[in-house]
Amino acid sequence: MIKIRLFEPQDAEQLAQLFHETVRAINIHDYSCSQVRAWAPDDIHFRNWVEACSSRFTYVADDRGVIAGFGELEPHGHIDCFYCHKDYQHCGVGRQIYQAIEAKAFELSVNRLFVEASITAKPFFQRMGFAVVKEQTVSCRDETFVNYVMEKLLEKVA
């Protein structure tokens, strides 16, 4: 039974590992080896996971102690990291995390969610109702990547 909950500092190591493994196992289908190595460097602590995840609304999909995915919402509506564990792809985990993020956005009176989605994540966000604003090329650790600025306007429910 997967439970969606907010990030706790003790989740940081699993999140770092999940990010690294997922980018290298899943995103490799859409990006080159050098791109995924730049995106998910060998040093999985390239980012201060506790600090980053604590500074926003980070929702974790907890499958009896195994983190199946996570997504980060910043208070102004930006979705930053959003990843499902490589072993939990296509089984509804992402949808559950997204629903928690959207519910929090409504609670915060955010009227627009936006994300820079990878080629890999673009179809998922489209299924969640996002539209592509533009394709862009971004740089990360001396590699360039194509991704998509996407947005979803949230309508108030009467």
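This chain uses plain numbering: 1 for the first residue, then up along the sequence.
In this structure, Val110 is not a member of the same hydrophobic cluster as Leu153, with clusters built from ILVMFWY side-chain heavy atoms closer than 4.5 Å. Ile26 and Val36 are not part of a single hydrophobic cluster, where members link through side-chain heavy atoms under 4.5 Å apart. No chain of hydrophobic side-chain contacts below 4.5 Å, direct or via other Ile, Leu, Val, Met, Phe, Trp or Tyr residues, connects Val132 to Phe114.
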Please list every donor-acceptor pair under 3.5 Å in which a side-chain atom of residues 41-48 meets a protein atom from a residue at least two apart or in another chain.
{"from": "Asp42", "atom 1": "OD1", "to": "Arg24", "atom 2": "NH1", "distance (Å)": "3.1"}
{"from": "Asp42", "atom 1": "OD1", "to": "Arg24", "atom 2": "NH2", "distance (Å)": "2.9"}
{"from": "Asp43", "atom 1": "OD1", "to": "His45", "atom 2": "N", "distance (Å)": "2.9"}
{"from": "His45", "atom 1": "NE2", "to": "Glu13", "atom 2": "OE1", "distance (Å)": "3.4"}
{"from": "Arg47", "atom 1": "NH1", "to": "Glu72", "atom 2": "OE2", "distance (Å)": "2.9"}
{"from": "Arg47", "atom 1": "NH2", "to": "Glu72", "atom 2": "OE1", "distance (Å)": "2.9"}
{"from": "Arg47", "atom 1": "NH2", "to": "Glu72", "atom 2": "OE2", "distance (Å)": "3.1"}
{"from": "Asn48", "atom 1": "OD1", "to": "Val50", "atom 2": "N", "distance (Å)": "3.3"}
{"from": "Asn48", "atom 1": "OD1", "to": "Glu51", "atom 2": "N", "distance (Å)": "2.9"}

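When hydrophobic side chains of Ile, Leu, Val, Met, Phe, Trp and Tyr are connected at separations under 4.5 Å, Val149 ends up clustered with Val133.
Taking CG from Leu6 and SG from Cys53, the interatomic distance works out to 11.0 Å, rounded to the nearest 0.5 Å. Atom CZ of Phe130 and atom CG of Leu113 lie 5.0 Å apart (nearest 0.5 Å).
Scanning for side chain to side chain contact (heavy atoms under 4.5 Å, CB included) contacts around Ala68 gives Ile2, Ala61, Tyr88, Val93, with sequence neighbours left out.
Counting heavy-atom neighbours within 6.0 Å of Arg112 CZ, excluding the residue itself, gives a total above 12. Applying the 6.0 Å contact sphere to NE2 of His90 captures no more than 12 heavy atoms from other residues, nucleotides or ligands.
With respect to the salt-bridge test (charged N to carboxylate O, under 4.0 angstrom), the residues Lys122 and Asp30 do not qualify.
Using a 4.5 Å heavy-atom cutoff, the side chains of Arg141 and Arg37 are not in contact. Two residues are said to be in side-chain contact when any heavy atoms from C-beta on lie closer than 4.5 Å; Phe125 and Tyr148 fail this criterion. For the pair Glu8 and Val60, the minimum side-chain heavy-atom distance is 4.5 Å or more.
Ring centroids of Phe82 and Phe124 are separated by less than 6.0 Å, placing the two rings close together.
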Verdict with supporting geometry, Ile79 and Tyr98, side-chain contact (heavy atoms from CB on, under 4.5 Å) | CA-CA 10 Å; Ile79 296 172; Tyr98 175 74; 4.2 Å; yes

